[in-house]
> 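If you scroll down you'll find the structure; I have some questions about it.
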Amino acid sequence: MLCPCEKKNKDCCLVPDISSEQIFRRVEPVLREMEKTGVLIDVDRIKQLNRQVGRRIDKLKKDILSDLGTEINLDSPSQLADLLFNQLKLPTEDIRRTQSGYSTAAGELYKIKHAHPAIPKILKYREFTKLVSTYLEPLPKLVDERDRLHTHYAQDARTGRISSSEPNLQNIPIKGTYGADIRKTIVAGKGNKLVSADYSQIELRIIACFSGDRQMMDAFNKNIDVHTRTASLLFHKPEGKISKEERRFAKTINFGVLYGMSPFGLSQALNIPQEMAAKFIFEYFHNHQGIKEYIEETTYRARKTGAVETIFGFKRKLFNIKSDNRILREADERMAVNTPIQGSAAEILKLAMITLNQKLDIKNQKQKDSSALPQNDMDARPRLILTVHDELVVECPEKQAKEVAKLMEEVMENVVKLCVPIKVEVGIGDNWAASK
DNA sequence: AACTAGGCT
DNA sequence: GTATAAGCCTAGTTG
């Protein structure tokens with residue numbers, strides 16, 4: 001048992017006595033089982049969406065090419081950049097460069113969206129072609145005879161996070177015009193429900209605990225929205241008077257801190273002057289002394305030992321932390337801060353998966369014994385089907401959904417005890433979007 | 001294979 | 001003066 005918040009009394013946290021290596025090993029069979037189970041998708045609905053979005057792409061493409069007055073390949077960034085910036089001479093002063101020329105990334109085109117009627121259409125075209133080429137076209141081709149998708153899960157060697165490939169089920173759309181529609185195509189089988197459980201702001205809770213920052217700990221302990229608390233300190237207003245915009249700013253800064261964001265990065269993210277961004281960051285660290293000291297302490301220790309580690313002792317070596325090359329050194333400093341947070345969150349989730357699977361197995365055994373379910377119906381029992389960094393999804397018979405939701409919440413919230421509460425949000429639905 | 005872009009947490 | 005937010009996977013173009 002080791003308490004991660006070293007600045008405070010030793011017993012405020014309870015971390016099970018298990019190593020990161022053991023977690024790594026014991027989650028593997030859980031992952032293999034999830035791959036085997038697979039997730040059910042509504043193939044007809046995907047094909048329908050494919051046709052629908054495809055028609056909009058065709059129309060956009062026609063409009064864009066007629067607006068631009070030439071035949072170029074819209075999927076070629078280099079052809080597009082040459083046309084927009086060299087031939088049509090659209091303003092370039094705010095446009096980032098790539099190795100080859102001007103960038104046509106969405107964020108850059110957005111800055112000049114009024115400079116030419118084709119620009120907003122190009123942005124839509126990009127959004128829709130992404131959905132078709134990455135999701136709507138490939139997914140139906142990857143299903144088995146029962147319309148289930150079987151991904152491959154792997155554990156990342158640098159942070160311990162779980163990744164998903166062929167297909168990647170961890171980047172199924174949720175935002176944007178058709179995002180929710182696509183997520184709705186991941187469905188529960190007949191008579192089943194999907195139960196989704198999300199850790200609420202797990203990474204911020206971890207940094208609150210590791211740093212012992214008074215304001216952040218206080219917000220979590222009193223169940224005050226942490227972004228609203230940050231906004232309240234930043235804008236010198238009571239929490240009740242914080243606007244949506246102010247909360248959004250605070251949220252971006254809170255996440256920025258986890259990643260080591262600079263004034264430049266913040267100014268880009270919020271679309272504000274760099275000076276203002278610098279002021280926000282200064283003010284943030286003034287209000288959150290604990291976080292400031294934690295970051296200094298972590299990078300200092302990384303320099304001394306050449307590595308950082310997570311709550312269960314997973315180590316990441318940082319080869320450039322003492323480099324004379326500022327670019328490389330600062331990249332390692334950001335990893336030094338981020339890896340223990342992201343990696344610890346990954347371990348907490350994996351330990352919850354191991355524990356949850358154990359309890360589901362025990363439950364399944366009992367169900368079988370009391371013959372509450374048909375003996376050979378492999379589908380009629382709760383199974384983990386998805387894991388997405390801070391979320392787990394279980395598919396289970398409708399009748400068990402509430403019970404399973406409760407179990408997931410209980411297991412995930414108590415698998416470790418930090419010096420702030422861990423909160424989980426659960427939902428039940430017929431598809432992935434509805435279960436949140 | 002490198003580059004650019006973009007989906008998710 | 002220069003680059004600038006952690007981690008992952010996939011797709012299309014280019015040479």
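Since we're looking at a predicted model, the values are computed, not measured. Labels below follow one simple rule: chain letters A, B, ... track the order of the sequence lines, proteins then strands, and each chain is numbered from 1.
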> Taking A:T185 for the side chain and A:R45 for the main chain, is one N or O donor matched with an acceptor at less than 3.5 Å?
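No.
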> Can you tell me how far C1' of C:dC8 sits from CG of A:N338, to the nearest Å?
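It works out to 12 Å between those atoms.
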> Could you check which of B:dT9, B:dA5, B:dG7 has an atom nearest any side-chain atom of A:E127?
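Shortest atom-to-atom distance from the side chain points to B:dG7.
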> Contact class for A:E166 (heavy atom, under 4.0 Å): base, sugar-phosphate, or nothing?
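It contacts sugar-phosphate atoms only.
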> Check every strand shown and say whether A:Q99 touches a base, only sugar-phosphate, or nothing at a heavy-atom separation below 4.0 Å.
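Answer is sugar-phosphate: A:Q99 comes under 4.0 Å of backbone atoms only.
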> Ignoring backbone atoms, establish whether A:N73 has a side-chain N or O less than 4.0 Å from OP1 or OP2 of C:dG12.
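Indeed not, no polar side-chain atom of A:N73 lies that close.
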> Is it true that the side chains of A:D67 and A:H116 contain a donor and an acceptor less than 3.5 Å apart?
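No, because no side-chain N or O of A:D67 sits under 3.5 Å from a partner of the opposite role on A:H116.
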> Atom CD of A:Q155 to atom P of C:dG7: distance rounded to whole Å?
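Taking atom P of C:dG7 as the reference, CD of A:Q155 is at 17 Å.
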> By nearest atom, which of the nucleotides B:dT9, C:dG7, C:dC9 is closest to the A:D156 side chain?
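Closest of the options to the side chain of A:D156: C:dG7.
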> Using 4.0 Å as the upper bound for N to carboxylate O, is an ion pair formed by A:E275 and A:K279?
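A:E275 and A:K279: not salt-bridged.
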> What integer number of Å spans the C1' atoms of C:dT2 and B:dG6?
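After rounding to an integer number of Å, I get 26 Å for this pair.
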> For A:N320 and C:dA6, give me the distance from atom CG to atom P, rounded to whole Å.
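It works out to 14 Å between those atoms.
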> So for A:N171 and B:dG7, does any side-chain atom that can act as donor or acceptor lie under 3.5 Å from a complementary atom in the base?
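Such a pair is found, so the answer is yes.
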> Under 4.0 Å, counting only non-hydrogen atoms across every strand here, what does A:I341 touch: a base, just sugar-phosphate, or nothing?
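No contact.
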> Where the side chain of A:R158 is defined as all heavy atoms beyond and including C-beta, which of C:dC8, C:dT10, C:dA5 is the nearest nucleotide?
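Minimum distance to the A:R158 side chain belongs to C:dC8.
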> Using the six-membered ring for Trp and the full ring for Phe, Tyr or His, decide whether A:Y259 stacks on the six-membered base ring of C:dA5 (centres under 5.5 Å, planes under 30°).
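Aromatic stack with C:dA5 absent for A:Y259.
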> OP1, OP2 of B:dT9 versus side-chain N and O of A:R161: anything below 4.0 Å?
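Indeed not, no polar side-chain atom of A:R161 lies that close.
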> Is A:E425 salt-bridged to A:K436, cutoff N-O under 4.0 Å?
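No, this pair does not count.
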> Answer yes or no: does a side-chain N or O of A:S103 lie under 4.0 Å from OP1 or OP2 of B:dA5?
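True: A:S103 side-chain N/O within range (under 4.0 Å) of B:dA5 OP1/OP2.
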> Does A:R316 put a side-chain nitrogen or oxygen below 4.0 Å from OP1 or OP2 of C:dA6?
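No, outside the criterion.
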> Hey, what are the protein-to-nucleotides 2-4 of chain C N/O distances that come in under 3.5 Å?
from, atom 1, to, atom 2, distance (Å)
C:dT4, O2, A:S262, OG, 3.4

> Rounded to whole angstrom, note down the P distance from B:dC3 over to C:dA3.
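Pairwise P distance, B:dC3 against C:dA3, rounds to 15 Å.
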> Output the rounded distance in Å from CG (A:D390) to C1' (C:dG7).
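Spelled out: CG on A:D390 to C1' on C:dG7 is 13 Å.
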> Answer yes when A:E127 and A:K124 have at least one side-chain N-carboxylate O distance shorter than 4.0 Å, and no when they do not.
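Yes, charged N to carboxylate O under 4.0 Å.
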> Between A:D332, A:L328, A:L318, which is the residue that forms a side-chain contact (heavy atoms from CB on, under 4.5 Å) with A:S323?
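So the option named by the test is A:L328.
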> Check whether any side-chain nitrogen or oxygen of A:S133 sits under 4.0 Å from OP1 or OP2 of C:dT10, and answer yes or no.
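Checking C:dT10 against A:S133, no side-chain N or O comes under 4.0 Å of OP1 or OP2.
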> Return the nearest nucleotide to the side chain of A:R183; candidates are C:dC9, C:dA6, B:dT9.
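Selected nucleotide: B:dT9.
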> Look at all strands and tell whether A:I162 reaches a base, only sugar-phosphate, or nothing, counting heavy atoms closer than 4.0 Å.
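Counting heavy atoms under 4.0 Å across all strands, no contact is made by A:I162.
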> Taking only N and O in the side chain of A:S78, is any of them less than 4.0 Å away from OP1 or OP2 of B:dT4?
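The answer is no; no side-chain N or O of A:S78 sits under 4.0 Å from OP1 or OP2.
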> Ignoring the backbone of A:M335, work out which of B:dA5, C:dA6, C:dT14 is nearest its side chain.
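Among the listed nucleotides, the one closest to the side chain of A:M335 is C:dA6.
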> Rounded to whole angstrom units, what separation is found between the CD atom of A:E108 and the P atom of B:dT4?
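So the two atoms are 13 Å apart, to the nearest Å.
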> Specify the separation, in whole Å, of atom CZ of A:F128 and atom C1' of C:dA11.
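Rounded to the whole Å, the gap is 18 Å.
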> Taking atom types as modelled, is there a side-chain donor on A:N192 or A:E395 under 3.5 Å from an acceptor on the other?
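Side chains of A:N192 and A:E395: pair found under 3.5 Å.
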> Quick check for you: among C:dT14, C:dA11, B:dG6, whose closest atom lies nearest to any side-chain atom of A:P138?
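The listed nucleotide nearest to A:P138's side chain is C:dA11.
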> Could you please spell out the steps behind the side-chain contact (heavy atoms from CB on, under 4.5 Å) verdict for A:L384 and A:L392?
CA-CA 7 Å; A:L384 259 171; A:L392 297 178; 4.0 Å; yes
> Tell me which nucleotide among C:dA11, B:dT9, B:dA5 gets nearest to the side chain of A:T134.
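Output: C:dA11.
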> Does B:dC3 have OP1 or OP2 sitting under 4.0 Å from an N or O in the side chain of A:S100?
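Looking at the OP1 and OP2 atoms of B:dC3, neither is under 4.0 Å from any side-chain N or O of A:S100.
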> Looking at A:E33 and A:K36, does any basic side-chain N land under 4.0 Å from a carboxylate oxygen?
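No, no charged N to carboxylate O under 4.0 Å.
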> Measure CG/A:D332 against P/C:dA5 and give the value in whole Å, please.
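Nearest whole value for this atom pair: 15 Å.
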> Starting the side chain at C-beta, find the nucleotide from B:dC8, C:dC9, C:dT13 nearest to A:S165.
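Of all the options, the side chain of A:S165 is nearest to C:dC9.
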> Grab the CD-P distance between A:Q170 and C:dC8 for me, whole Å please.
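Distance check: A:Q170 CD to C:dC8 P gives 11 Å.
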> Given B:dG7, C:dA5, C:dT14, which nucleotide is nearest the side-chain atoms of A:A269?
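The nucleotide sitting nearest to the side chain is C:dA5.
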> What I'd like to find out is whether the side chain of A:L65 reaches to under 4.5 Å of the side chain of A:I72, using heavy atoms alone.
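A side-chain contact under 4.5 Å exists here.
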